[in-house]
> 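I am attaching a structure below and will ask some questions about it afterwards.
Convention: sequence-line order gives letters A, B, ...; per-chain numbering from 1. What you see below is based on every heavy atom in this structure, not just the backbone, and it leaves out hydrogens, waters and symmetry mates. This is a predicted model, so every value here is computed, not measured.
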2 protein chains.
Amino acid sequence: MHNLKTLGDHADPESESTPVLDITTAEAMALLFKALSDPTRVRIIAALVEGERCVYDLAATLGMTHSAISHQLQLLRDLRVVRYRKVGRHVFYALDDAHIQGLFLQGLEHARHA
Amino acid sequence: MHNLKTLGDHADPESESTPVLDITTAEAMALLFKALSDPTRVRIIAALVEGERCVYDLAATLGMTHSAISHQLQLLRDLRVVRYRKVGRHVFYALDDAHIQGLFLQGLEHARHA
DNA sequence: CTAATATATGAGTAATTACTCATATATTAG
DNA sequence: CTAATATATGAGTAATTACTCATATATTAG
């Protein structure tokens with residue numbers, strides 16, 4: 001199904017010099033998964049899967065302070081997992097792409113029966 | 001495609017008492033993603049996607065100490081992401097289920113063009 | 001038996017993290 | 001204008017983490 005050859009060329013299995021996955025890509029992947037590695041962020045993303053939410057609503061829904069939510073949103077923003085849109089004094093956040101939702105749903109499915 | 005209603009019942013949108021995703025499930029998901037939220041663990045999993053590996057080979061491939069790899073493998077074992085099998089004085093690790101590989105590949109695809 | 005090898009693990013530590021608290025900024029209401 | 005509201009953000013902190021180093025255990029070689 002998937003062509004794993006793209007993970008790294010193992011033409012010479014004796015050579016230790018060919019890493020399985022280059023470190024830069026591994027770091028990028030780790031950052032992506034870090035977005036989903038905290039319960040608060042998972043819950044924020046769960047809320048955003050249903051649609052745009054402002055900070056106020058997210059804080060109310062999760063029962064957390066606006067500050068805590070805002071800090072986590074900054075992190076998610078830095079990781080390019082969410083985008084935002086200002087409307088008056090509200091800032092509406094949304095998932096940045098379908099990949100995130102796909103990972104979220106796949107993780108949810110795993111967690112449901114594990 | 002996906003029925004998002006299963007994320008939580010929003011029959012009464014006014015009620016803040018219905019969380020989007022229950023905290024226990026969010027925590028389970030966060031733990032799963034935590035397995036992939038560190039570059040070393042991503043690289044270990046990348047190696048295991050290609051097949052069983054013993055600690056010695058993983059350490060050599062990643063260019064890290066056996067101790068560091070062993071500690072990370074213990075964490076991955078606790079998270080039920082890998083299983084192991086003893087053969088003589090070697091311990092061979094492998095991915096525990098296809099879900100992990102699916103998440104890994106999806107994350108890789110995201111990282112490749114982001 | 002002893003020596004070498006592969007792995008596991010506890011203690012220690014520097015770096016990271018997920019908050020709280022205080023304060024700043026921007027928008028709207030009056 | 002002032003007051004209220006929504007959000008952002010820096011500093012501080014307790015908890016977590018990803019290692020290193022030392023040591024323990026188990027297996028194989030001789």
> I'd like a table of donor-acceptor pairs (distance under 3.5 Å, sequence neighbours excluded) in which one partner is a side-chain atom from residues 69-83 of chain A, with atom names and distances.
residue : atom : partner : partner atom : Å
A:Q72   : OE1  : A:R41   : NH1          : 2.9
A:R77   : NH1  : A:Y93   : OH           : 2.8

> Which one, C:dT7, D:dA8, D:dA6, comes nearest to the side chain of B:V55?
C:dT7

> Are the side chains of A:I100 and A:D96 in contact, using a 4.5 Å heavy-atom criterion?
no

> B:S67: which residues meet the side chain to side chain donor-acceptor pair (under 3.5 Å) condition with it, sequence neighbours left out?
none

> Only pairs at least two apart or in different chains count here, so list each ring-ring contact (aromatic ring centres under 6.0 Å, His included) that has a residue in residues 28-62 of chain B.
B:Y56-B:H66

> For A:Y93 and D:dA8, is the shortest distance between a side-chain N/O and OP1 or OP2 below 4.0 Å?
yes

> Return one dot-bracket line describing DNA chain D 5' to 3' (Watson-Crick or G-U wobble pairs, both distances under 3.5 Å; ( ) same strand, [ ] crossing, | another strand, . none).
||||||||||||||||||||||||||||||

> Select base, sugar-phosphate, or nothing to describe what B:H66 touches, counting heavy atoms under 4.0 Å on all strands.
base

> Mind checking what makes salt bridge (Lys or Arg N to Asp or Glu O under 4.0 Å) contact with A:E27, not counting sequence neighbours?
none

> If you compare every side-chain N and O of B:R77 against the phosphate oxygens of C:dT9 (OP1, OP2), does one of them come in below 4.0 Å?
yes

> Identify, with sequence neighbours excluded, every residue that meets salt bridge (Lys or Arg N to Asp or Glu O under 4.0 Å) alongside A:R89.
none

> Would you please name every residue forming a side chain to side chain contact (heavy atoms under 4.5 Å, CB included) with B:A28, sequence neighbours left out?
A:A111

> Transitive ILVMFWY cluster of B:V87 at side-chain heavy atoms under 4.5 Å: who else is in it?
B:F92

> What contact category does A:Y84 fall into here, base, sugar-phosphate, or nothing, at under 4.0 angstrom with non-hydrogen atoms?
nothing

> List the protein contact pattern of nucleotides 15-28 of chain C with one symbol per nucleotide (5' to 3'): B for base contact, S for sugar-phosphate-only contact, - for none; contact means a heavy-atom distance under 4.0 Å.
--SSSBBB----BB

